[in-house]
Amino acid sequence: MKSVTAIAEAGSIAAAATRVGRTPAAVSMQIKKLEEMLGRTLFDRTRQGMTPTAEGERLLIYARQMLELNRAAMHAFSTPELTGEVTIGLIDSFGGVRLAKVLSSFARSHPKVTVNVTMDQTSALGPALDRGEKDLILFTPGCSETLRPTDCVLAEEPLVWIMKEGGRAHRQSPIPLAVASEGCAWRKLSTDAIEAAGLDARIAYVADFDHAQIAAAEADLAVAPMPKSYLRPGLTALGSRDGFPPLGIGRVALRLSERAGPAVHALASDIAATYCVSLDP
């Protein structure tokens, strides 16, 4: 089930194999055997990567529940009782359902640990951790906060130009863009790509919350540079055929404070596990 989840989130056998610590051939064989056993096709395979089929999405629900139960069981029987307080700083991209599931599972395993969560831009999170105001942060490496040797990259995903399906925002001149504030790595990638391609564009909407940028795209008010996984019904991705340049890869990374104690490390491990990544050296 770990491989199924990793493929769904990483988008390819190769990337999933890196996450789960197996060879691509082993992961491919594992999925093939699972599909044969279930009599279902779990993934659509294209040149762009692999995406879950409807049956694959159904299995993912159970796979994620099983992984969460496994983490909770291991915590309950293999770790000492933890106490204390953990302060997390994170970007909007990790909020919502994913964060709620991690915190819910962690609270069941470690009821005596208090977790405080704040959301901010990457440009503010790094300095806050260095000042001792945060115990761990989740951020997007780039122009305002570069990766350090001790950071853990949780996910890598292609960025795409997202707009309303059938919309006309991309035909405007200048092209309206929906981006985050200065210091955002994705904003820098998009503006650099636009400039290099010689396109005429303007920053039309600035919002540090992903859902606000997506809302601008859904309303056909702007084009938003976002991770490919943000695509959903009603949205489409622009590419070279539309005159838009490639954006590169977006990353999410985790950084721990040098003063991090056992409770911080335990929560960091749970967060990493949702990306099928291990913090162990």
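We're numbering straight along the sequence, starting at 1. All of these numbers come straight from a predicted model, not from anything done at the bench.
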Enquirer: Would you name the heavy atoms of D220 and A169 that are closest together and state the gap between them?
Expert: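 Closest approach of D220 to A169: OD1-N, 3.0 Å.
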Enquirer: Taking atom CD of E145 and atom OG1 of T122, what is their separation to the nearest 0.5 Å?
Expert: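 Here the interatomic distance stands at 7.5 Å.
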Enquirer: Would you name the heavy atoms of V206 and R187 that are closest together and state the gap between them?
Expert: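 So the two residues come closest at CG2-NH1, 4.2 Å.
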Enquirer: Within a strict 4.5 Å, meaning less than it, do heavy atoms of the I194 and D192 side chains meet?
Expert: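 Side chain of I194 against side chain of D192, heavy atoms only: no contact under 4.5 Å found.
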Enquirer: Just verifying a value: how many Å separate I13 CD1 and I31 CD1, rounded to the nearest 0.5 Å?
Expert: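 With rounding to 0.5 Å, CD1 (I13) is 6.0 Å from CD1 (I31).
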Enquirer: Using distance only, find each side-chain donor-acceptor pair of residues 245-252 under 3.5 Å and give its atom names and separation, not counting sequence neighbours.
Expert:
unit_1 : atom_1 : unit_2 : atom_2 : d
R251   : NE     : E156   : OE2    : 2.9

Enquirer: Run T53 and T41 through side-chain hydrogen bond (donor to acceptor under 3.5 Å, both in side chains) and show every step you take.
Expert: CA-CA 7 Å; T53 62; T41 299; over 6 Å; no
Enquirer: Does L154 belong to the same Ile/Leu/Val/Met/Phe/Trp/Tyr cluster as M119, with side-chain heavy atoms less than 4.5 Å apart forming each link?
Expert: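 Yes, L154 and M119 fall within the same hydrophobic cluster.
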Enquirer: Looking at side-chain heavy atoms only, is the closest gap between M226 and I214 below 4.5 Å?
Expert: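 Side-chain contact under 4.5 Å: yes.
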Enquirer: Decide yes or no on side chain to side chain contact (heavy atoms under 4.5 Å, CB included) for V115 and L267, but give the supporting numbers first.
Expert: CA-CA 9 Å; V115 180; L267 180 54; 4.0 Å; yes
Enquirer: More than 12 foreign heavy atoms under 6.0 Å from CD of E85: is that the case here?
Expert: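 More than 12 within 6.0 Å, yes.
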Enquirer: If you round to the nearest 0.5 Å, how far is CG of L256 from CD1 of I137?
Expert: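 So the CD1 of I137 and the CG of L256 are separated by 9.5 Å.
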Enquirer: Could you check whether any side-chain heavy atom of I91 comes within less than 4.5 Å of a side-chain heavy atom of L125, counting everything from C-beta outward?
Expert: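 Yes - at least one pair of side-chain heavy atoms lies under 4.5 Å apart.
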Enquirer: For a quick test of reading the model, state the closest non-hydrogen atom pair linking L177 to A222 and the distance between them.
Expert: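 In this case the closest contact between L177 and A222 is C-CB, 3.9 Å.
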Enquirer: Let me confirm one number: the CD-OG1 distance from E258 to T150, rounded to the nearest 0.5 Å.
Expert: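 E258 atom CD to T150 atom OG1 measures 7.5 Å (nearest 0.5 Å).
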Enquirer: Using a strict 4.0 Å threshold on nitrogen-to-oxygen distance, state whether R64 and E57 make a salt bridge.
Expert: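 No salt bridge links R64 with E57.
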Enquirer: Output a table of donor-acceptor pairs, distance under 3.5 Å, between side-chain atoms of residues 16-27 and any protein atom two or more places apart or on a different chain; print 'none' if there are none.
Expert:
unit_1 : atom_1 : unit_2 : atom_2 : d
T18    : OG1    : A14    : O      : 3.3
R19    : NH1    : E9     : OE1    : 3.3
R19    : NH1    : Y275   : O      : 3.0
R22    : NH1    : Q30    : OE1    : 3.3
T23    : OG1    : A26    : N      : 3.1

Enquirer: In terms of hydrophobic clusters joined by side-chain contacts under 4.5 Å, are M37 and L60 together?
Expert: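 Yes.
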Enquirer: Are R108 and S104 close enough that a side-chain donor and a side-chain acceptor fall under 3.5 Å?
Expert: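 Side chains of R108 and S104: pair found under 3.5 Å.
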Enquirer: Mind running salt bridge (charged side-chain N to carboxylate O under 4.0 Å, His left out) on R40 and E35 for me, showing each step along the way?
Expert: CA-CA 5 Å; R40 301 286 194 278; E35 289 181 325; over 6 Å; no
Enquirer: Please collect all ring pair (Phe, Tyr, Trp, His ring centres under 6.0 Å) contacts where either partner lies in residues 34-70, sequence neighbours excluded, each pair once.
Expert: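 Listed by first then second residue: nothing to list.
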Enquirer: Go through it in stages, so that I can follow the logic: the residues are E165 and R232, the test is salt bridge (charged side-chain N to carboxylate O under 4.0 Å, His left out), and I'd like the CA-CA distance, side-chain angles, deciding distance and then a yes or no.
Expert: CA-CA 10 Å; E165 193 167 18; R232 58 196 188 205; over 6 Å; no
Enquirer: Are more than 12 heavy atoms from other residues, nucleotides or ligands located less than 6.0 Å from atom CZ of R259?
Expert: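 Correct, the count exceeds 12.
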Enquirer: Quick one: do I7 and L67 end up in the same hydrophobic cluster if we chain Ile, Leu, Val, Met, Phe, Trp and Tyr together by side-chain heavy atoms under 4.5 Å apart?
Expert: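 Shared cluster, no.
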Enquirer: Applying side chain to side chain contact (heavy atoms under 4.5 Å, CB included) to M163 and H170, what does each step give before you reach the verdict?
Expert: CA-CA 8 Å; M163 64 163 285; H170 67 304; 3.3 Å; yes
Enquirer: Is there side-chain contact between P225 and L159, with at least one heavy-atom pair below 4.5 Å?
Expert: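 They are not in side-chain contact.
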Enquirer: Linking I/L/V/M/F/W/Y whenever any side-chain heavy atoms sit under 4.5 Å apart, do F209 and L221 land together?
Expert: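 Different hydrophobic clusters.
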Enquirer: Does R148 come within less than 4.0 Å of D130, counting only side-chain N to carboxylate O?
Expert: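 Here R148 pairs with D130 in a salt bridge, since their nearest N and O are under 4.0 Å apart.
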Enquirer: Considering only distance and modelled atom types, tabulate donor-acceptor pairs under 3.5 Å from the side chains of residues 233-241, sequence neighbours left out.
Expert:
unit_1 : atom_1 : unit_2 : atom_2 : d
R241   : NH2    : A237   : O      : 3.4

Enquirer: Measure the shortest side-chain to side-chain distance between Y205 and V179 over non-hydrogen atoms and say whether it is less than 4.5 angstrom.
Expert: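 No - every pair of side-chain heavy atoms lies 4.5 Å or more apart.
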Enquirer: Supply the atom-to-atom distance H265 NE2 to D270 CG, rounded to the nearest 0.5 angstrom.
Expert: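 If I round to the nearest 0.5 Å, the distance is 13.5 Å.
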Enquirer: Taking C-beta and beyond as the side chain, do T87 and V117 meet within less than 4.5 Å on heavy atoms?
Expert: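 They are not in side-chain contact.
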Enquirer: Does L59 reach the side chain of L34, with side-chain heavy atoms less than 4.5 Å apart?
Expert: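 SC-SC contact between L59 and L34 confirmed.
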Enquirer: Checking N116 against T114 for the side chain to side chain contact (heavy atoms under 4.5 Å, CB included) test, could you report, in this order, the C-alpha distance in whole Å, the side-chain angles of both residues, the deciding distance, and whether it holds?
Expert: CA-CA 7 Å; N116 300 313; T114 300; 4.0 Å; yes
Enquirer: Are more than 12 heavy atoms, taken from residues, nucleotides or ligands other than R202, located less than 6.0 Å from that residue's CZ atom?
Expert: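 Result for CZ/R202: enclosed.
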Enquirer: Distance only, no hydrogens: is a donor on one side chain within 3.5 Å (strictly under) of an acceptor on the other, for E157 and S229?
Expert: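 Yes, a side-chain donor-acceptor pair sits under 3.5 Å.
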Enquirer: Any side-chain heavy-atom pair from I203 and T191 closer than 4.5 angstrom?
Expert: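 They are in side-chain contact.
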Enquirer: Enumerate the ring pair (Phe, Tyr, Trp, His ring centres under 6.0 Å) contacts for residues 118-165, please, sequence neighbours excluded, ordered by first and then second residue.
Expert: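 Listed by first then second residue: W161-F244.
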Enquirer: Could you walk me through whether R255 and L129 satisfy the side chain to side chain contact (heavy atoms under 4.5 Å, CB included) test, starting with their C-alpha distance in whole Å, then the side-chain angles of each, then the deciding distance to 0.1 Å, before giving a yes or no?
Expert: CA-CA 9 Å; R255 179 179 298 167; L129 183 134; 4.0 Å; yes
Enquirer: From L99 CG over to I271 CD1, what is the distance, rounded to the nearest 0.5 angstrom?
Expert: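 Rounded to the nearest 0.5 Å, the CG-CD1 separation comes to 7.5 Å.
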Enquirer: Mind checking what makes side-chain contact (heavy atoms from CB on, under 4.5 Å) contact with K33, not counting sequence neighbours?
Expert: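 With sequence neighbours excluded, K33 shows a side-chain contact (heavy atoms from CB on, under 4.5 Å) to M29, given in chain and number order.
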